[in-house]
Number of protein chains: 2
Amino acid sequence: MVRKEITIKDVARLAECSPTTVSRVINNSEHPVSKDTAEKVEAAIKRLNFSPNRIAQGLKNDKSNIIGVIVHDICDSYFAQMIKGMEEFISEHEYIVNIYNTSRDVDKELHAVNMLKANRADAVVFAAGALMDKRYEREMYNVVEQLKSQGTILLGVTPHPFAIKNISLANQKAAEMITDYAIENGHQKIAFISGPQNLYTSYLRKQGVIKSLENHSLQFKQELLFEGDFTFEGGRKAALSLLNKIDQITAVVAANDATALGLIWELNNQGVKVPAEISVLGIDDLPEAKYSYPPLTTISLPIYNLGTNIGEYLLAQLNEEYDINIKPVEPKLLTRDSLKNIE
Amino acid sequence: MVRKEITIKDVARLAECSPTTVSRVINNSEHPVSKDTAEKVEAAIKRLNFSPNRIAQGLKNDKSNIIGVIVHDICDSYFAQMIKGMEEFISEHEYIVNIYNTSRDVDKELHAVNMLKANRADAVVFAAGALMDKRYEREMYNVVEQLKSQGTILLGVTPHPFAIKNISLANQKAAEMITDYAIENGHQKIAFISGPQNLYTSYLRKQGVIKSLENHSLQFKQELLFEGDFTFEGGRKAALSLLNKIDQITAVVAANDATALGLIWELNNQGVKVPAEISVLGIDDLPEAKYSYPPLTTISLPIYNLGTNIGEYLLAQLNEEYDINIKPVEPKLLTRDSLKNIE
DNA sequence: TTGTACGCGTTATCAT
DNA sequence: ATGATAACGCGTACAA
């Protein structure tokens, strides 16, 4: 099949003017165009169903209109919501949202960022969570510097070690808040199910728990730390290991809701009553969190809004309005039924 | 910030040759290049961290490397899985996956397709499900024709009225299978919770139920048809309306799992035992379907695999291997615990 | 084996 | 108010 593109020249011919004039009409240029010819051009454009070739425009203005988003897993509703927020905001404004799933794989992550470099992305959002890995850090550092010198706008959503603007998701604060809440309800024997070891987000959430404990003169106990991986399955497994020490525990803080949901499910499955025998707490407020048995008490991180705020920020940056800041997004305690007051 | 791009010319200068030679090296051209200069070029490329500008390449070859995907809601795990499958396959091959969320909104859908046209997408996947709406059909028909004449490869995932290749997801067959299963287990009084009215997918799934009923000489009863919208909330609401007629019903087929899950949740909530008092069946096999109470009996549509198969097909088409077909994906019955045999 | 010249579709600059 | 020309970065036909 031969690709027969309709160009500005075709329009010009039909409107009996020069390509320059057509371009001026398309771009609502300052440059004066007589009402008469403008109309003829408009008519020709309609007639030919012409839309300007954005690739060519891009080459000319040194813009790709591509905004890259690097994400761990688009199926994780946490990321999906953020992407949706960004996408709904950004694609209204004639930008292309280019998503990469990296499954926290070093090679995939580097591949993504190199593709975005080759495609001269106008902006890149690092939302996948920094990996704690030597090669990753070294190579990523290099590409990031190259992107910077290409003039690419960079933004990290979870904290990154690279020297780029980072928007924090209040990970630590959220973990602190939910732990505070447990303590305020009389819990002292608190277990924690962590996220994946190599994720900075995991680290921050753990720190939040520790900080809350310390603020209340309690100690974080290594033997009550269980490893999870931010998934439902991980939560289920953690529940099993937790069972041995259940008499040492009155509440469990899970590093995220998916984990908490798995935890609750498996505890139910094993005949352990939540929250009568043990309280379970999450972080994120996944849509399904309110439909567990019992509904999960958690911290809401309004991640969809974060997405739209990021979109707004990027667009401002792309329009060189440098004084804009990302609207922050506040964690909020959602008390449902998975915690029992034991004072 | 001034964007200072490194070009093929910079490489040529450093490697002491012409841009043409650099181009030949980059593209592993047939045209002979001496080993010596090739090495010098490679070295210069490394040294400058040069990657060819794909925008410029695109303008030259009339390729954008963009594959557009139009989807209803990226947060819907059904679509998310498909996209992930596509993305993982496609982005390995140097393509950009450009996703649009349309929320089944006519304007958004048209906006998306027009953007993809302007960006000269190499391929577009219509995965959002066709809308049954006059203006949508008319305008979409036009753009689709334009895309075709631009040489864009088009693919519909759920059936579309446009004259493009469609890959069926066995929607009707899946609905038929799950209804068959209910009937084989002694159920005759079967209710159906539909999907949104304006979706062709809804229509097909309903047809599947009707067909199964007819094959077993049973009649589809209008009063046992309840309207849903493919969401958990919709399922909950349906459960409430269903309650009045519960003595006329022994089993409910939900148009999808999200609906079935909401249904089960609300039935539990209302003290109706599933499956003791009523059986509930779904379609899709969402990841969370096996964690409901009781685990949901449903039909698995391996949608992630469909995604990778679509990716494979598109790539073949883009490489002009016309004899390739999309590998079909088979629905599979997953018997869990939400159906009771009442024979 | 290497290089020159031109064109992809668009727009900024400079005439007219 | 309009248009001719050059240039963005790259690839290719052609020449050397």
Distance in angstrom units between B:Ile55 CD1 and C:dG9 P, rounded = 16 Å
Among the nucleotides D:dG11, D:dA4, C:dT11, whichever has the atom closest to the side chain of A:Ser18 is D:dA4
Ignoring backbone atoms, establish whether B:Ser34 has a side-chain N or O less than 4.0 Å from OP1 or OP2 of C:dT2.
-> yes
Less than 4.0 Å between a side-chain N and a carboxylate O, is that true for A:Glu87 and A:Lys84?
-> no
Would one find more than 12 heavy atoms of other residues, nucleotides or ligands at under 6.0 Å from atom NZ of B:Lys327?
-> no
Determine: side-chain N/O of A:Asn27 to OP1/OP2 of C:dT11, distance under 4.0 Å, yes or no.
-> yes
Residue mapping more 5' on DNA chain C - nearest nucleotide basis, B:Pro19 or A:Ile8 = B:Pro19
Using a cut-off of strictly less than 4.0 Å, decide whether B:Gln57 has a side-chain nitrogen or oxygen near OP1 or OP2 of D:dG11.
-> yes
side-chain N/O A:Ser29 vs C:dT11 OP1/OP2, d < 4.0 Å | no
Kindly indicate whether the side chain of A:Lys60 and the base of C:dA12 share any N or O donor-acceptor pair separated by less than 3.5 Å?
-> no
Just how far, in rounded Å, is P of D:dG9 from CZ of B:Arg13?
-> 12 Å
Examine the side chains of B:Tyr304 and B:Glu88 and answer whether a donor and an acceptor come within less than 3.5 Å of each other.
-> yes
Phosphate contact (D:dG3 OP1 or OP2) by A:Thr21 side-chain N/O below 4.0 Å = yes
Sidechain N-carboxylate O distance under 4.0 Å for B:Arg24, B:Glu30 = no
Could a donor-acceptor pair under 3.5 angstrom be found where the side chain of B:Arg24 meets the base of C:dG3?
-> yes
Starting at atom CG of A:Asp62, determine the distance to atom P of C:dG9, rounded to an integer number of angstrom.
-> 20 Å
With distance as the sole criterion, do the side chain of A:Thr20 and the base of D:dA4 form a donor-acceptor contact below 3.5 Å?
-> yes
Winner on side-chain proximity to A:Pro32, out of D:dT12, D:dG9, D:dA1, is D:dA1
For the pair made of CD in A:Glu39 and P in D:dA1, what is the distance, rounded to whole Å?
-> 14 Å
Integer-rounded Å distance: C:dG9 P and B:Gln150 CD | 12 Å
Is any side-chain N or O of B:His31 under 3.5 Å from a base N or O of C:dT2, one able to act as donor and the other as acceptor?
-> yes
Return the angle between end axes of the helix from C:dT1-D:dA16 to C:dT16-D:dA1, with five pairs used per end and rounding to 10°.
-> 50°
Whole angstrom is fine here: how far is it from CG in A:Leu59 over to P in C:dG7?
-> 16 Å
Starting at atom NZ of B:Lys9, determine the distance to atom C1' of C:dG3, rounded to an integer number of angstrom.
-> 14 Å
From B:Ile167, B:Leu155, B:Thr308, residue fulfilling side-chain contact (heavy atoms from CB on, under 4.5 Å) relative to B:Tyr313 = B:Leu155
Residue-phosphate contact under 4.0 Å: B:Thr7 side-chain N/O, D:dG9 OP1/OP2 | no
Taking C:dG9, D:dG3, D:dG9 as options, the one with an atom nearest any side-chain atom of A:Ala56 is C:dG9
Give me the one residue out of B:Glu109, B:His111, B:Lys108 that meets side-chain hydrogen bond (donor to acceptor under 3.5 Å, both in side chains) with B:Thr102.
-> B:Glu109
Taking all heavy atoms of B:Ser51 and all of A:Ala118, pick out the closest pair and write down the distance.
-> OG-CA, 4.1 Å
Which pair of non-hydrogen atoms, one from B:Phe79 and one from B:Asp73, has the smallest distance, and what is that distance?
-> CD1-O, 3.5 Å
Please state how far atom CZ in A:Arg120 lies from atom C1' in D:dC8, giving the value in whole angstrom units.
-> 12 Å
